[in-house]
There are 2 protein chains.
Amino acid sequence: MATIKDVAKLAGVSKATVSRVLNGNERVSQIARDKVKQTMKELGYKPSALAQALATNRSRTIGMVVSDLSGPFFGPIMKSAEKVIRDAGFQLVVTNGHGQEDREREAIEFMTNRPVDALILTVFALPEEEIVELHRNGTPIVLLNRRIQGFEDNCIYLDNKQGGYLATKRMLELGHDRVAFLAGHFTHPDSLERLEGYQQALDEFGIPFRQDLVFDDDYNEDGGRRMCQKLLNLKRDFSAIFCGNDLIAIGARDVLNQHGKLQSTCMVGFDDVTFAQYLNPSLSSVFFPVEQMGERAGHMALAMAGHKTAAVTHVLQPRLIERESLMAAQPND
Amino acid sequence: MATIKDVAKLAGVSKATVSRVLNGNERVSQIARDKVKQTMKELGYKPSALAQALATNRSRTIGMVVSDLSGPFFGPIMKSAEKVIRDAGFQLVVTNGHGQEDREREAIEFMTNRPVDALILTVFALPEEEIVELHRNGTPIVLLNRRIQGFEDNCIYLDNKQGGYLATKRMLELGHDRVAFLAGHFTHPDSLERLEGYQQALDEFGIPFRQDLVFDDDYNEDGGRRMCQKLLNLKRDFSAIFCGNDLIAIGARDVLNQHGKLQSTCMVGFDDVTFAQYLNPSLSSVFFPVEQMGERAGHMALAMAGHKTAAVTHVLQPRLIERESLMAAQPND
DNA sequence: TTGTAAGCGTTATCAA
DNA sequence: TTGATAACGCTTACAA
């Protein structure tokens with residue numbers, strides 16, 4: 001690999017001059033500039049990002065910690081974030097936090113040792129103080145899907161309450177007055193906010209909230225299966241189900257199907273992951289603007305890393321995607 | 001951030017000594033070692049991976065280029081690769097090649113400037129020579145889903161022919177003698193290999209190959225829709241369909257469903273992406289061991305980066321996952 | 001406009 | 001067993 005030294009020598013100038021033409025414009029004579037550019041080409045010279053980082057104390061790298069490197073939710077977020085980050089000439093480095101406190105901490109440490117110019121975090125387990133402190137210690141942070149008091153400027157999250165509201169309201173409009181809610185664990189703030197939306201819709205329609213129609217469990221298929229099973233076992237009367245996310249919906253459908261109730265139950269999921277539309281009947285869902293979130297996160301991180309970018313919104317708005325699962329069933333089946 | 005200098009000064013030793021205890025064991029007195037470790041803790045000292053990389057010319061970083069940062073196929077590959085890489089104390093850096101030649105080239109350049117100690121590539125568009133040359137020029141390469149003559153030691157790929165064979169054979173066994181094949185583009189070697197397997201199965205059952213039952217198009221839902229539509233328009237007689245991947249299968253199902261033929265058509269997809277099991281009827285598919293591929297790739301890359309690891313296999317074996325889509329239909333419907 | 005030289009935080013060579 | 005000191009490839013005062 002050719003170094004700056006080689007270029008300088010061959011071009012007959014000093015390293016400083018080469019460095020100058022490298023870093024866009026400074027005061028370099030046209031002759032020198034041309035000569036240097038020319039020799040750079042000849043040698044196939046590429047500056048070492050490493051050496052630059054060490055010298056400038058900026059790595060042009062943005063770190064990202066997600067709870068699951070695979071899966072339909074984080075993929076699109078990563079993808080869109082990577083796009084804006086790479087377009088800015090920065091590099092995105094992603095690592096998996098697995099949603100566990102110690103893994104998350106380790107992942108972050110791993111990144112800060114590199115180091116990164118900014119960090120995009122989706123961590124649920126890590127205590128708030130650590131996050132805020134990290135930021136104060138000089139690693140700029142963008143926090144996704146989590147809101148910390150007094151740290152709102154660094155957070156990007158969905159209006160979960162609105163999501164819960166939209167879903168529930170639509171089902172009520174369709175005449176379903178007994179809407180169950182199979183939520184993710186209520187230890188998770190998102191779940192509670194979605195519950196608030198659910199309640200708000202009920203209030204508006206003058207329908208009393210019934211604790212016995214609400215369950216919480218894991219945010220995945222098994223959680224959905226368990227909750228739906230409970231719902232059926234308890235012989236609760238219901239004609240519609242609002243699910244905390246699409247995976248829960250899938251598990252619940254499984255159980256409903258076994259009981260021959262899949263077609264007759266109105267259902268809305270949450271997130272609108274790609275495969276929701278491919279299910280049969282297709283699953284209605286609260287659309288989570290994941291691409292938008294990734295994009296915003298990228299811009300925000302770049303801004304913090306000193307790269308100028310547009311202003312960002314911190315609260316994203318969901319919207320309801322209506323599909324077969326919403327329309328097929330009749331309230332009084 | 002505390003540097004090695006700070007530690008040295010406070011501990012009353014030289015930088016060299018600190019560096020020695022840092023890099024595991026060398027000849028350092030117990031007293032010095034303890035003292036240094038102690039002060040490291042006090043100062044919360046973390047070595048700069050950057051400076052280490054510059055000095056050693058090894059970054060402890062593995063790069064990875066995928067064709068799609070989101071999507072059900074690459075997610076699990078990345079996830080499992082990241083696990084083994086991180087467990088070895090290395091960092092995985094992923095970027096998106098978008099399956100386009102120029103983007104792929106750019107992505108690779110981006111990584112080699114960092115630099116990385118090895119590169120895991122899933123690139124379909126980039127010419128073979130460039131890949132091989134890159135390797136020769138000192139960036140060790142692991143190539144996924146692609147086999148280059150004389151470069152096999154660096155490649156990890158699925159036995160696609162076997163996959164095609166298994167799927168087709170099973171359908172033939174079930175009595176379907178008119179099996180259509182909706183493939184990905186035949187410019188893609190994988191598609192051709194799967195076709196070979198398809199033909200082999202036909203041969204074994206003494207069933208003549210019929211060109212008019214074979215189509216190729218994009219490896220996605222739209223491709224599947226188009227091909228299935230053609231198949232129906234041409235009034236070909238068929239009772240089973242083998243699809244080049246699960247996305248094609250989904251598109252085809254869509255069309256079949258519109259024609260009331262979904263339940264009566266035997267179908268097998270390829271890849272066995274997560275949602276295949278959630279479709280209704282659930283989709284049979286040729287299982288692609290993605291986790292295994294990611295793992296192997298990680299190990300291989302680490303080995304090339306000088307980190308000792310176990311030997312790896314280069315050819316992965318598929319297996320058939322039988323679900324409802326295979327059993328529901330009768331050959332003579 | 002250009003060059004010299006110090007510095008970024010490490011490792012590594014060579015003496016001591 | 002230790003410590004100077006020169007690298008690694010680049011940036012950036014400061015001087016010329």
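Note that this is a predicted model, so its numbers are computed, not measured.
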Participant: Could you tell me which residues satisfy side-chain hydrogen bond (donor to acceptor under 3.5 Å, both in side chains) with A/R60, sequence neighbours excluded, listed by chain and number?
Facilitator: none

Participant: Can you measure B/N57 atom CG to D/dG9 atom P for me and round it to whole angstrom units?
Facilitator: 7 Å

Participant: Measure from CZ on B/R58 to P on C/dT11 and round the result to the nearest Å.
Facilitator: 13 Å

Participant: If you draw a 6.0 Å radius around CG in A/N57, do more than 12 non-hydrogen atoms from other residues or ligands fall strictly inside?
Facilitator: no

Participant: Without decimals, in angstroms, what is the distance between A/I31 CD1 and C/dT2 C1'?
Facilitator: 12 Å

Participant: Ignoring hydrogens and angles, write down the donor-acceptor pairs under 3.5 Å from the side chains of residues 86-95 of chain B, residues two or more places apart or on other chains.
Facilitator:
unit_1 : atom_1 : unit_2 : atom_2 : d
B/R86  : NH1    : A/N96  : O      : 3.1
B/R86  : NH1    : B/E82  : OE2    : 3.3
B/D87  : OD2    : B/K83  : NZ     : 2.6

Participant: Provide, to the nearest angstrom, the distance between the NZ atom belonging to B/K9 and the P atom belonging to C/dT10.
Facilitator: 14 Å

Participant: When we call it a touch if two heavy atoms are under 4.0 Å apart, what does A/S19 touch: a base, just sugar-phosphate, or nothing?
Facilitator: base

Participant: Partners of B/Y219 by ring pair (Phe, Tyr, Trp, His ring centres under 6.0 Å), sequence neighbours excluded?
Facilitator: B/H188

Participant: Test of understanding: with side chain to side chain contact (heavy atoms under 4.5 Å, CB included), list the residues that count as partners of A/N220, not counting sequence neighbours.
Facilitator: A/D218, A/D222

Participant: Any base atoms under 4.0 Å from A/A53, or only sugar-phosphate, or nothing? Heavy atoms, all strands.
Facilitator: nothing

Participant: What's the CE-C1' distance between A/M40 and D/dC10, to the nearest Å?
Facilitator: 12 Å

Participant: Could you tabulate the donor-acceptor pairs under 3.5 Å formed by side-chain atoms of residues 292-306 of chain A, not counting sequence neighbours?
Facilitator:
unit_1 : atom_1 : unit_2 : atom_2 : d
A/R296 : NH1    : A/T313 : OG1    : 2.2

Participant: With B/D6, which residues qualify under side chain to side chain contact (heavy atoms under 4.5 Å, CB included), at least two apart?
Facilitator: B/A2, B/T3, B/L43

Participant: So which protein nitrogen or oxygen atoms get under 3.5 Å of nucleotides 4-9 of chain C's nitrogens or oxygens?
Facilitator:
unit_1 : atom_1 : unit_2 : atom_2 : d
C/dC8  : O2     : A/A55  : N      : 3.4

Participant: Measure the distance from CZ on B/R33 to C1' on D/dT2 and round it to the nearest whole Å.
Facilitator: 13 Å

Participant: Give one of base, sugar-phosphate or nothing for A/V18, where a contact means two heavy atoms less than 4.0 Å apart.
Facilitator: nothing

Participant: Using the C1' atoms of the five pairs at each end, what is the angle between the end axes of the helix from C/dT1-D/dA16 to C/dA16-D/dT1, to 10°?
Facilitator: 40°

Participant: Measure CG/B/N113 against P/D/dG9 and give the value in whole Å, please.
Facilitator: 14 Å

Participant: In this structure, how many angstroms lie between the P atom of D/dT1 and the CG atom of B/D34, rounded?
Facilitator: 14 Å

Participant: Using atom types as modelled, flag every donor-acceptor pair under 3.5 Å from a side chain in residues 125-133 of chain B to any protein atom, sequence neighbours excluded.
Facilitator:
unit_1 : atom_1 : unit_2 : atom_2 : d
B/E130 : OE1    : B/R105 : NH1    : 2.9
B/E130 : OE2    : B/R105 : NH1    : 2.3

Participant: Where is the tightest heavy-atom contact between B/C155 and B/I148, given as atom of each residue plus distance?
Facilitator: SG-N, 3.7 Å

